Each structure stands twice: as structure tokens, then as C-alpha cells.
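Contents: one structure, followed by commentary.
Everything quoted here is computed from the prediction, not taken from an experiment.
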Amino acid sequence: MMQFILNTTEETEAFGAKLFQILPEKCLVFLLGDLGAGKTTLVRGFMRAAGHIGAVKSPTYNIVEEYKIDKRLFFHFDLYRLVDPEELEWIGIADYLQETAACFIEWPEKGQGFLSEPDVILSLTTSDNMRKLFVERMPEHIMDKFLVEKQTHTAII
């Protein structure tokens with residue numbers, strides 16, 4: 001497991017932007033962490049790198065925000081308010097996950113039994129005015145790209 005220290009919101013967004021550069025067009029990313037840990041901030045960095053210029057907010061009440069940029073699809077889910085994982089079936093989670101799209105899911109544990117295995121698992125924590133990001137799962141070929149890029153862009157940690 002790799003760990004990154006993200007001292008500012010900008011560094012968290014920069015990490016998300018780096019993910020845009022290395023993740024495949026179709027991938028499923030689970031984002032773990034308490035409220036305020038930086039999950040949506042990371043997605044905001046990803047979406048801005050993808051070319052989105054509007055607001056990127058947590059889809060807490062909608063459950064999902066859909067973005068389409070240059071014929072590419074992106075889905076941002078927030079399952080925090082999910083009462084029963086079966087609700088995901090009602091919103092058509094299987095259809096979303098079959099799309100060629102980058103899917104970010106906050107609070108994935110609330111959808112247990114209705115979600116596919118993720119390609120990437122990132123866990124964020126906060127302490128002493130900084131964020132720690134743990135890469136709990138990432139395919140080796142993607143991690144290798146990240147590490148090569150990381151050597152030339154030190155602003156991320």
C-alpha cells in the first residue's frame with residue numbers, strides 16, 4: 001500500500017488530475033474516508049483535468065452526477081444517504097457500471113452486494129491539518145505509470 005501526504009486542497013485536486021492522466025477510460029474507483037476527508041475534492045481535480053469547467057459537488061442528494069466531456073462519460077456517486085443497498089438496483093447501477101466510463105463511488109460500503117469489484121481503491125484520512133491518501137488497490141500497470149509521472153511532478157506530495 002502506498003501513502004501520499006496532501007497538505008492542501010490544491011494538492012488533493014492535483015492528485016485527482018494525475019489520476020485523469022493515468023486511469024483507463026473505463027474504470028471503477030472506490031473512495032473511502034470520513035466526511036470532509038477530500039473525496040469530492042479529488043474527483044473535482046479529476047474532472048477539471050478532463051476539461052469540466054463547472055462546479056463539481058458531492059452528489060449526496062442525487063446519488064449520482066453524470067458528466068459528458070468530449071464524448072467521454074464520467075459518473076460520480078455518493079452513497080452516503082443510501083438507506084438500503086437495493087436502492088442501487090432501482091437507479092440502474094448495473095447500467096452505469098457497464099458504460100465505458102470512469103466511475104467514482106464515495107461510501108461504497110453502503111452499496112455492498114450491488115457493486116462490482118473496483119479497479120482502484122483510495123482511502124483518505126485527515127489529521128493535523130493534512131490529508132493522507134492511501135492507495136489500497138491499483139493495477140500494477142497503472143501504478144507504474146503513476147510512479148513514472150510522480151518522479152517528474154513533485155507537487156503532489
(request) Show your working on side-chain contact (heavy atoms from CB on, under 4.5 Å) between L82 and W107 and close with a plain yes or no. (result) CA-CA 9 Å; L82 211 62; W107 303 96; over 6 Å; no
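- In the hydrophobic clustering of ILVMFWY residues, with side-chain heavy atoms under 4.5 Å counting as a link, I63 and F104 come out apart.
- Around the OH atom of Y80, the shell of radius 6.0 Å holds no more than 12 heavy atoms that belong to other residues, nucleotides or ligands.
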(message) side-chain contact (heavy atoms from CB on, under 4.5 Å), that's the test. Do M138 and L19 meet it? Break it down for me.
(response) CA-CA 11 Å; M138 183 177 283; L19 286 177; 4.0 Å; yes
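- When each of D119, L23, V120 is checked for a side-chain contact (heavy atoms from CB on, under 4.5 Å) with L28, only D119 meets the rule.
- Ring geometry for F46 against F74 counts as perpendicular: the plane angle is over 60°, on a 0 to 90° scale with 30° as the lower cut.
- In terms of modelled atom types and a separation under 3.5 Å, the side chain of Q21 and the main chain of K18 share no donor-acceptor contact.
- Here the OG1-CG distance, from T126 to L133, works out to 12.5 Å after rounding to the nearest 0.5 Å.
- Atom SG of C27 is separated from atom CD1 of I22 by 9.5 Å, given to the nearest 0.5 angstrom.
- Side-chain atoms of K39 come within 3.5 Å of backbone atoms of D34 as a donor-acceptor pair (strictly under, hydrogens ignored).
- A 4.5 Å side-chain heavy-atom check between L6 and L42 finds every atom pair outside the cut-off.
- When the side chains of ILVMFWY residues are joined at heavy-atom separations under 4.5 Å, either directly or via intervening members, F4 and L31 end up in a single hydrophobic cluster.
- Here the CG-OG1 distance, from L124 to T41, works out to 9.0 Å after rounding to the nearest 0.5 Å.
- Note: F77 CZ to L115 CG = 8.5 Å, rounded to the nearest 0.5 Å.
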(request) Show the numbers, then the answer: is there a side-chain contact (heavy atoms from CB on, under 4.5 Å) between E117 and R137? (result) CA-CA 11 Å; E117 279 294 310; R137 176 187 294 174; 3.0 Å; yes
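- Of the possible polar contacts, one joining the K26 side chain to the E99 backbone as a donor-acceptor pair under 3.5 Å is found.
- No side-chain heavy atom of E10 sits less than 4.5 Å from a side-chain heavy atom of E13.
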(request) Please step through salt bridge (charged side-chain N to carboxylate O under 4.0 Å, His left out) for the pair E11 and R131, ending with a clear verdict. (result) CA-CA 9 Å; E11 288 180 4; R131 290 183 175 122; over 6 Å; no
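- I121 and F134 fall into different hydrophobic clusters, where Ile, Leu, Val, Met, Phe, Trp and Tyr are joined by side-chain heavy atoms under 4.5 Å apart, directly or via other members.
- Note on F30: it does not cluster hydrophobically with F20, by side-chain heavy-atom contacts below 4.5 Å among ILVMFWY residues.
- Both M47 and V29 sit in one connected hydrophobic cluster of ILVMFWY residues. Membership requires side-chain heavy atoms under 4.5 Å apart, directly or through other members.
- Contact annotation: the side chain of H76 approaches that of E106 to within less than 4.5 Å [non-hydrogen atoms, C-beta and beyond].
- No side-chain heavy atom of F75 sits less than 4.5 Å from a side-chain heavy atom of L97.
- Within the model, atoms CD of Q3 and OG1 of T125 stand 7.5 Å from one another, a figure rounded to the nearest 0.5 Å.
- E65 has its side chain out of reach of V43: every pair of non-hydrogen atoms, C-beta onward, lies at least 4.5 Å apart.
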(request) Begin from the C-alpha positions of L88 and L79 and carry the test side-chain contact (heavy atoms from CB on, under 4.5 Å) through to its verdict. (result) CA-CA 9 Å; L88 290 175; L79 308 185; 3.7 Å; yes
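- Side-chain contact between M143 and M2 is present, with at least one heavy-atom pair separated by less than 4.5 Å.
- The backbone N or O of M130 sits nowhere less than 3.5 Å from a side-chain atom of N7 that would complete a donor-acceptor pair.
- We find the CD1-OG distance between I105 and S116 to be 8.0 Å, quoted to the nearest 0.5 Å.
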